[in-house]
Number of protein chains: 2
Amino acid sequence: MKQKDIKIPEATIKRLSTYINCLERLDDKGCQVVSSELLGESCQVSPAQIRKDLSYFGEFGVRGVGYATKSLTEEIKVILGLDCIWPTVLVGVGHLGHALLNFTFFREHGYRMVAAFDSDPGKIGTEVEEGLHIQPIEKLVETASREKAAIGIVTVPASSAQSTADLLVEAGVRGILNFAPFKVRVPDNITLRNVSIVSELDNLAYLLSNKKPRRRLKKKK
Amino acid sequence: MKQKDIKIPEATIKRLSTYINCLERLDDKGCQVVSSELLGESCQVSPAQIRKDLSYFGEFGVRGVGYATKSLTEEIKVILGLDCIWPTVLVGVGHLGHALLNFTFFREHGYRMVAAFDSDPGKIGTEVEEGLHIQPIEKLVETASREKAAIGIVTVPASSAQSTADLLVEAGVRGILNFAPFKVRVPDNITLRNVSIVSELDNLAYLLSNKKPRRRLKKKK
DNA sequence: AACTTATCGTGATAGTTATCACAATACCCA
DNA sequence: TGGGTATTGTGATAACTATCACGATAAGTT
Ligand SMILES: NC(=O)c1ccc[n+]([C@@H]2O[C@H](COP(=O)([O-])OP(=O)(O)OC[C@H]3O[C@@H](n4cnc5c(N)ncnc54)[C@H](O)[C@@H]3O)[C@@H](O)[C@H]2O)c1
Ligand SMILES: NC(=O)c1ccc[n+]([C@@H]2O[C@H](COP(=O)([O-])OP(=O)(O)OC[C@H]3O[C@@H](n4cnc5c(N)ncnc54)[C@H](O)[C@@H]3O)[C@@H](O)[C@H]2O)c1
């Protein structure tokens, strides 16, 4: 095991999250042991990359054999902090917010939606999910801090993103996942991640418009 | 202007997409000219990074002055291929698909949703957006190729992601944006991008569980 | 026209991440 | 029990990306 506190590449963390998925699927197929080669095949990552990623955190495999599917899954969950429940709140129950609230995957993977807020009076009280009623934005600080929400998801329009983030910080959340196309500012001790679906599509458009049939990039100089 | 065909960092492309956003907001505020410093301030990127990103594609600024807000916006759109319309189809009109279809941002930025498909007979014919009716999945190849769809968005369950991607390829799309948590395989000449919202949250969970109050990362060795 | 100021464009440099290659070693079987 | 095989864990290396520092230069000013 390497020592703690060396910098772990962000890309490694992203891959670990996908490994869990692939491992669970392989486990469903009856695979009790996986090699880095097989796992790599299944999640389209090179075997060496997988071993390197894991080696940042310890030794989880058996040389000559591979990794025990179930226990590796658990180990990775521990690494990512998914072995506990993260109380989460969502602000802005519009189209996207509604989709996220109904995304069962989250619940199955360590996140618990403890409250949802919106500023539209017409939406207050609506049940968006088993036992979860939309609350007025004015209740955010009170409710979120009472529920000890650790994560806040922002799905309000860009123009309200900053004020929403401010409320979440006031309520004591430690991390914010922002879907609005606006770069909000938060204090240093708050972890912020932006998800830009538009950028993903734009990236696709870029690749398509610059890909001439069969052209190969990578030309040096 | 540097020569074409050198490798552009993917991160650069992602940033260019966000620059457009910030530039449009600055333009709304009446800023006709922006310096890399001001733009950097607004989108939380270092001025040097912005200049470097742009320099991959040409010289767009005026030394001692800055960049003309409007024309830089247009230039970046050309770089990303957003100066034309991308006919796009979406498959799987569930919670997420519905949100994406109603996301006006896309329409305003060069993407035109030309068709939406689902396998649920109960959904066929429903109007999801001005003039856009859900079609049966059996019509995908016919409709998408007739409409010359270039991009396909996959929002079906993971178990159907591969077969959906196969249909899109058959229909002649050139790029696929996949939201399902399954690594689909496509031919070499198809551009594929995966969007993993779960990974984003997991990344947040990781950062939160490893951040001790006030600890500073970056310790060497 | 020379001088000043602001800010760009970019080569050089530092830092980060991925790939490679192989020593280490657990299991299997005779 | 010892030799063969498969597959890990990791140091070294290569590739990529960001940062820095400064020369270049356009516009305004005297
Ligand atoms: N729809 C998508 O597919 C999609 C994709 C990527 C990003 N986004 C971004 O996500 C955000 C939401 O998108 P959407 O399509 O769901 O929009 P939407 O208009 O459907 O939903 C926004 C919701 O936020 C609520 N709201 C507005 N101001 C608020 C405030 N100050 N406090 C609390 N609630 C408030 C509104 O009442 C509404 O219910 C936007 O910033 C959008 O750019 C959406
Ligand atoms: N909801 C979210 O916020 C969210 C977030 C991230 C990723 N995702 C992923 O996006 C996908 C869709 O999620 P969702 O929440 O919208 O699910 P959903 O069940 O609400 O929607 C899936 C839709 O796909 C349709 N469908 C199923 N099989 C199909 C097929 N073979 N061809 C065409 N249509 C088919 C279904 O009829 C349904 O309408 C899933 O893979 C999910 O993991 C969802």
Side-chain angles (χ1 to χ4, degrees), chain A residues 1-3 5-16 18-19 23 26 31-69 71-72 75-76 79 203 216-221, chain B residues 1-16 18-19 23 26 31-69 71-72 75-76 79 203 217-221:
Chain A
M1 154 109 85
K2 288 230 191 159
Q3 41 198 131
D5 265 14
I6 63 165
K7 172 99 192 303
I8 313 291
E10 165 156 337
T12 289
I13 303 302
K14 199 157 193 173
R15 282 190 298 268
L16 287 177
T18 68
Y19 297 162
L23 285 167
L26 287 166
C31 259
Q32 299 191 325
V33 172
V34 290
S35 63
S36 57
E37 169 138 18
L38 175 59
L39 179 55
E41 178 76 16
S42 147
C43 58
Q44 294 178 47
V45 173
S46 78
Q49 182 72 76
I50 291 177
R51 297 200 299 275
K52 182 62 119 180
D53 285 342
L54 294 174
S55 79
Y56 286 118
F57 300 96
E59 305 190 3
F60 305 107
V62 177
R63 291 166 195 229
V65 180
Y67 304 88
T69 312
S71 78
L72 181 59
E75 296 279 14
I76 297 178
I79 293 168
N203 209 314
R216 285 273 157 265
L217 293 172
K218 187 98 175 206
K219 197 182 292 177
K220 259 272 133 96
K221 255 278 138 76
Chain B
M1 153 109 86
K2 289 232 191 156
Q3 35 197 136
K4 219 58 202 268
D5 265 14
I6 63 165
K7 171 99 193 303
I8 314 292
E10 164 154 338
T12 290
I13 303 303
K14 198 157 192 173
R15 282 190 297 268
L16 287 177
T18 69
Y19 297 162
L23 285 167
L26 287 166
C31 258
Q32 299 190 327
V33 172
V34 292
S35 63
S36 56
E37 169 139 16
L38 175 59
L39 179 55
E41 177 77 15
S42 147
C43 57
Q44 295 177 46
V45 173
S46 78
Q49 182 73 76
I50 291 177
R51 297 200 299 275
K52 180 62 117 181
D53 285 342
L54 294 173
S55 80
Y56 286 119
F57 300 97
E59 306 190 3
F60 305 108
V62 178
R63 291 165 196 229
V65 180
Y67 304 88
T69 312
S71 78
L72 182 58
E75 296 279 13
I76 297 179
I79 292 168
N203 209 315
L217 291 173
K218 189 95 174 212
K219 197 182 290 176
K220 258 273 132 103
K221 257 277 144 70

Under 4.0 Å between a side-chain N or O of [X] and OP1 or OP2 of [N]?
| X | N | value |
| --- | --- | --- |
| Lys7(A) | dT17(C) | yes |
| Ser36(B) | dC8(C) | yes |
| Tyr67(B) | dG9(C) | yes |

[X] has a side chain; which of [options] sits nearest to it?
| X | options | value |
| --- | --- | --- |
| Pro9(A) | dA18(D), dC8(C), dA18(C) | dA18(C) |
| Ala48(A) | dT17(C), dG9(D), dC20(C) | dC20(C) |
| Arg51(B) | dT8(D), dG9(C), dA18(D) | dG9(C) |
| Lys52(A) | dT10(D), dT7(C), dA27(D) | dT10(D) |
| Arg15(A) | dC27(C), dA26(D), dA18(C) | dA18(C) |

Ignoring hydrogens and angles, tell me if any N or O in the side chain of Thr69(B) forms a donor-acceptor pair with the backbone of Cys31(B) under 3.5 Å.
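Here the side-chain-to-backbone pair exists.
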Nucleotide [N], atom [atom2] - distance to [atom1] of [X] in whole Å:
| X | N | atom1 | atom2 | result |
| --- | --- | --- | --- | --- |
| Glu10(B) | dT17(C) | CD | P | 14 Å |
| Leu72(A) | dT7(D) | CG | P | 15 Å |
| Arg63(A) | dA26(C) | CZ | C1' | 9 Å |
| Ile50(B) | dT7(C) | CD1 | C1' | 13 Å |
| Glu37(B) | dG9(C) | CD | P | 15 Å |
| Glu75(A) | dG9(D) | CD | P | 11 Å |
| Leu38(A) | dT7(D) | CG | C1' | 13 Å |
| Asp53(A) | dT17(C) | CG | P | 11 Å |

Determine whether Thr12(B) and Tyr56(B) make a side-chain contact, defined as any pair of heavy atoms from C-beta on separated by less than 4.5 Å.
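Thr12(B) vs Tyr56(B): side chains touch.
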Closest-nucleotide mapping onto DNA chain C: is Val62(A) or Ala11(A) further toward the 5' terminus? I mean the 5' end.
Ala11(A)
Please report the closest heavy-atom contact between Tyr19(A) and Asp53(A), naming both atoms and the distance.
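Nearest pair, atom of Tyr19(A) first, then Asp53(A): OH-OD2, 2.6 Å.
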Looking at Glu37(B), I'd like to know if its CD atom is crowded, meaning that more than 12 non-hydrogen atoms belonging to other residues, nucleotides or ligands lie closer than 6.0 Å.
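Not buried by this count: 12 neighbours or fewer within 6.0 Å.
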Tell me whether Gln44(A) at atom CD has more than 12 heavy atoms from other residues, nucleotides or ligands lying less than 6.0 Å away.
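For Gln44(A), atom CD is crowded (more than 12 foreign heavy atoms under 6.0 Å).
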